[in-house]
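Read through the structure below, which is laid out as structure tokens, and then see the notes.
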Amino acid sequence: MALELSEQEQFRRNSLEELYKLGIDPYPAESYPVNVSTHEIHEQFQADQTKFQEVCIAGRIMTRRIMGAASFVDLQDSTGRIQLYIKRDDICPGEDKTLYNTVFKRLMDIGDIIGIKGYVFITQMGEISIHVRELKILCKSVKPLPVVKEAEGQTFDAVTDPEFKYRQRYADLIVNPAVREVFVKRTRMVNIIRDFLNAQGALEVDTPVLQSIPGGAAARPFITHHNALDIPLYLRIANELYLKRLIVGGFDWVYEFSRDFRNEGMDRTHNPEFTILEFYVAYRDYFWMMEQTEQMLEKIAMGLHGTAEVPVGEKMISFKAPFRRLPIYDAIKEYTGVDAAAMDENELRAACKSLGIEVDETMGKGKLVDALFGEKCEHHFIQPTFIIDYPVEMSPLTKKHRSKPGLVERFELMINGKEIANAYSELNDPIDQRDRFEDQVKLMERGDDEAMFIDYDFLRALEYGMPPTAGIGIGIDRLAMLMTNQVSIQDVLLFPQMRPEKKVVANLASDADFMAIGIPEAWVAVVRKAGFKTPAEVKSANPNKLLHELSGLRKKLKLEIPSLKIEEVQAWCN
RNA sequence: CUCUCCGUAGCUCAGCUGGUAGAGCAAUUGACUCUUAAUCAAUGGGUCACAGGUUCGAAUCCUGUCGGGGAGACCA
């Protein structure tokens, strides 16, 4: 007897044994020739009831209603659910009723995967169902699923525990259809973007995830090590510098859905790995990029919702182009009254302090403006707004503004108070780029641990000449949150990062190890059940308490093994 | 890293100012040939997250640990 299993898990393992004894393989190898989906049946049967008279379909048993010799089962496949009607004498036409009485009623459970053949009909209660003629088990489930019930749009006992949902997404997906919808929508969103870009001749590319210089953004990277080269490598924090190398190489428009990694805090909008769409287009500038962005977002909203108005929490967000455009200094003036454009670093620092923003000496002008905007302005921009024309200090890869000194041609797209995209006219002056990198080094020397490294290979590429280029990065996870109305990034990631579960100790010590200190074979499993993982733990236990505990378990589990005496237990411990 | 809330059966949750564990669903056995949160009857199922402490007695009070949520700090 496996002591670590719950009662229900034990029952299901027993059912497995019985199936084998009946000569039924609960995990058959051959393919099952499904010829229809539940969705197709629901969509088409009402209109033409002569269809679907020979269906073969498979899925998971979600609920059962057994009434003696007839039963109803809700079967769930990848497209939805359908009710099955199973009549004993139909699936067991002869004398032998084992398949119904024993296999179906006793040995099958919620969660099992079955295949059936039959015909579609409508029950007296008006529900489209399948009358089953043949029934076959395709996979026996030995772990009980959470049971969620639904009726008339209401859901009962839905699993809401985030830990369960995120750690066991597979079970979450089985049991909560709305979760599946979110991820289907996310993928549709990505497909819309891909179509939008491909239709204009963009080329999807792959660039390195392992980089020897983590460039293209300001963030702390993950570090790993390559054994053969014996060098440190970094997981990318951005792919910007690689995509721009490709523009140098002569591609006009490249893009990549880039999985980036940043070794920073985790919260409802940050996961250590996340997806950014970056794309770069030769001979364009940031004004052009704003138009592209508007069009693309409107297209996504229309594609997913059929309208540009998308509900997000209590609000409605309109993705109807064009979006508002507002210079960052105007935004700061609007919400704080501070005229940051006219200030030098020290005046800015003073202004921040007077507004209660924490500042320190490592912060240059760029970071101060960033702090001012982030603290006091960002959250006000609910409807899509392009914040434009940033100070040069906070944008080391951006081209200087064509007419406004001290600024760069950059925009960030704010939606629902969060940054969704960041774009600019790319800096293609190699001399200027070298200077900007060197400024970053100075910031690093001042203690800014996010300042960028100098990427000399990237500089070499720029020296060959990069056409004027517009580039953008769009946070795909955050966009997915908006488009699916989810408040947490974990809800748009199939497998969000979690602290590992505490190790369920598997065979740290063998039975023989326990027996070596004198524990009788029959008691080893009981000792384990009592929570002892190694003989050493037994040795250091209080013998009286241990005896009590083991005796209690023996009684509780009704074990037919001889009882223990205190002398025996003392002999193990000492 | 700080604050705060939470951890009770497979699932959803009760459990009062300490008196030794409860419900619904799920499970087991039985009844029932069109049910749909099927119904009816009976039954089993818990080291109350873990480890200490206080107490005659702890799911309950205290301390610590682990895991999770939320808020902040940090972070484009």
Side-chain angles (χ1 to χ4, degrees), chain A residues 5-12 14-15 62-74 81 83-90 100 105-106 109-111 121-127 129 131 141-167 171 175 216-220 237-238 260 262-270 272 274 276 358 366-367 370-371 373-374 378 387 390 394-395 410 412 414 418-422 449-450 473 475 478 487-488 490 498-503 529-531 545 548-550 552-553 556:
Chain A
L5 293 176
S6 75
E7 185 191 36
Q8 292 196 38
E9 290 172 308
Q10 196 56 56
F11 277 128
R12 289 191 178 208
N14 293 344
S15 297
M62 298 309 289
T63 77
R64 297 198 298 173
R65 296 175 289 280
I66 297 176
M67 286 154 298
S71 298
F72 291 92
V73 166
D74 286 350
R81 289 189 185 192
Q83 176 171 266
L84 308 180
Y85 178 60
I86 302 176
K87 211 157 105 176
R88 183 183 61 201
D89 297 337
D90 283 348
Y100 184 83
K105 274 171 73 175
R106 279 210 312 113
D109 292 286
I110 288 176
F121 74 111
I122 296 179
T123 64
Q124 288 172 14
M125 303 299 287
E127 179 157 346
S129 308
H131 192 121
S141 162
V142 294
K143 193 169 181 63
L145 277 174
V147 178
V148 180
K149 297 214 168 187
E150 284 179 69
E152 287 152 22
Q154 269 191 296
T155 306
F156 301 86
D157 300 335
V159 180
T160 53
D161 176 13
E163 180 164 6
F164 179 91
K165 287 167 66 71
Y166 301 150
R167 286 198 196 280
V175 143
R220 264 182 293 171
I237 55 175
D260 291 351
R262 297 187 183 177
N263 203 344
E264 290 164 355
M266 289 166 59
D267 59 35
R268 53 171 20 172
T269 57
H270 295 83
F274 59 102
I276 284 195
E358 269 184 57
K367 278 219 154 192
D370 195 30
F373 181 79
E378 194 174 81
I387 302 298
Y390 285 68
M394 56 196 286
S395 314
R410 170 179 178 187
E412 287 193 352
M414 313 299 305
K418 287 262 151 47
E419 176 199 339
I420 294 296
N422 181 19
D449 62 355
E450 293 180 342
R478 290 184 186 179
V487 293
S488 169
Q490 293 169 307
M498 300 281 275
R499 191 184 297 277
E501 282 180 273
K502 214 172 161 189
K503 225 190 208 154
K529 174 80 173 172
K545 200 175 158 200
H548 249 89
E549 230 173 312
L550 295 179
L553 281 171
K556 193 174 116 185

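Atoms considered below: every heavy atom in the structure, side chains included; atoms not considered: hydrogens, waters and symmetry mates. Reminder, nothing fancy here: chain letters follow the sequence lines and each chain counts from 1.
- Across all strands shown, B:C56 pairs with B:G19; the Watson-Crick or G-U wobble distances both stay below 3.5 Å.
- If you take atom C1' in B:A49 and the same atom in B:C5, they sit 16 Å apart, rounded to whole Å.
- Close to B:A38, at under 4.0 Å from its OP1 or OP2, lies a side-chain N or O of A:Arg65.
- Taking the six-membered ring where the residue is Trp, A:Phe373 and A:Tyr390 present perpendicular rings, their angle passing 60° and hence far from 30°.
- Across B:A26, B:A76, B:A38, the shortest atom-to-atom separation from the side chain of A:Arg410 is found for B:A76.
- Taking the P atom of each, B:G45 and B:U55 are spaced 34 Å apart, rounded to whole Å.
- The interatomic distance linking A:Glu163 (CD) with B:C5 (C1') rounds to 15 Å, in whole Å.
- Across the protein-nucleic acid pair, A:His131 atom NE2 and B:U33 atom C1' stand 10 Å apart, rounded to whole Å.
- Scanning atom types as modelled, no donor and acceptor separated by under 3.5 angstrom connect the side chain of A:Glu127 and the base of B:U35.
- Applying the 4.0 Å criterion to OP1 and OP2 of B:A71, one finds that A:Arg268 has a side-chain N or O inside that range.
- A straight line from CZ of A:Arg167 to P of B:G7 spans 17 Å, rounded to a whole angstrom.
- As the counterpart of B:C50, B:G64 is assigned, both hydrogen-bonding distances of the Watson-Crick or G-U wobble pattern falling under 3.5 Å.
- In this structure, A:Gln490 reaches the B:G69 phosphate: one of its side-chain N or O atoms is under 4.0 Å from OP1 or OP2.
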| message | Quick one, A:Glu9 with A:Lys143, criterion salt bridge (charged side-chain N to carboxylate O under 4.0 Å, His left out). Give me CA distance, side-chain angles, the key distance, then yes/no. | response | CA-CA 6 Å; A:Glu9 290 172 308; A:Lys143 193 169 181 63; 3.2 Å; yes
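- The pairing partner recorded for B:G24 is B:C11, the criterion being a Watson-Crick or G-U wobble arrangement whose two distances lie under 3.5 angstrom.
- Checking B:C1 for Watson-Crick or G-U wobble geometry (two distances, each under 3.5 Å) identifies B:G72 as its partner.
- Checking side-chain atoms of A:Tyr85 against main-chain N and O of A:Ile122 turns up no donor-acceptor pair under 3.5 Å.
- Nucleotides B:G22 and B:G44 have their P atoms positioned 12 Å apart, rounded to a whole Å.
- For B:A76, neither phosphate oxygen OP1 nor OP2 lies less than 4.0 angstrom from any side-chain nitrogen or oxygen of A:Arg478.
- B:U20 and B:A26 have their P atoms separated by 30 Å, given to the nearest Å.
- Rounded to whole Å, the distance from CE on A:Met498 to P on B:C66 is 16 Å.
- To the nearest whole angstrom, the two P atoms, one in B:C48 and one in B:A9, are 9 Å apart.
- For A:Lys149 and B:A38, the shortest distance from a side-chain N or O to OP1 or OP2 is below 4.0 Å.
- Between A:Arg262 atom CZ and B:C74 atom C1' the separation is 15 Å, expressed in whole Å.
- When the C1' atom is used for both B:U47 and B:A59, the distance is 12 Å, rounded to whole Å.
- The CG-C1' distance, from A:Asp89 to B:U33, rounds to 9 Å in whole Å.
- Rounded to an integer number of Å, the gap from CD1 of A:Ile122 to P of B:U35 is 15 Å.
- Around the NZ atom of A:Lys418, the shell of radius 6.0 Å holds no more than 12 heavy atoms that belong to other residues, nucleotides or ligands.
- Considering only heavy atoms from C-beta on, A:Met498 comes within 4.5 Å of A:Gln490 through its side chain.
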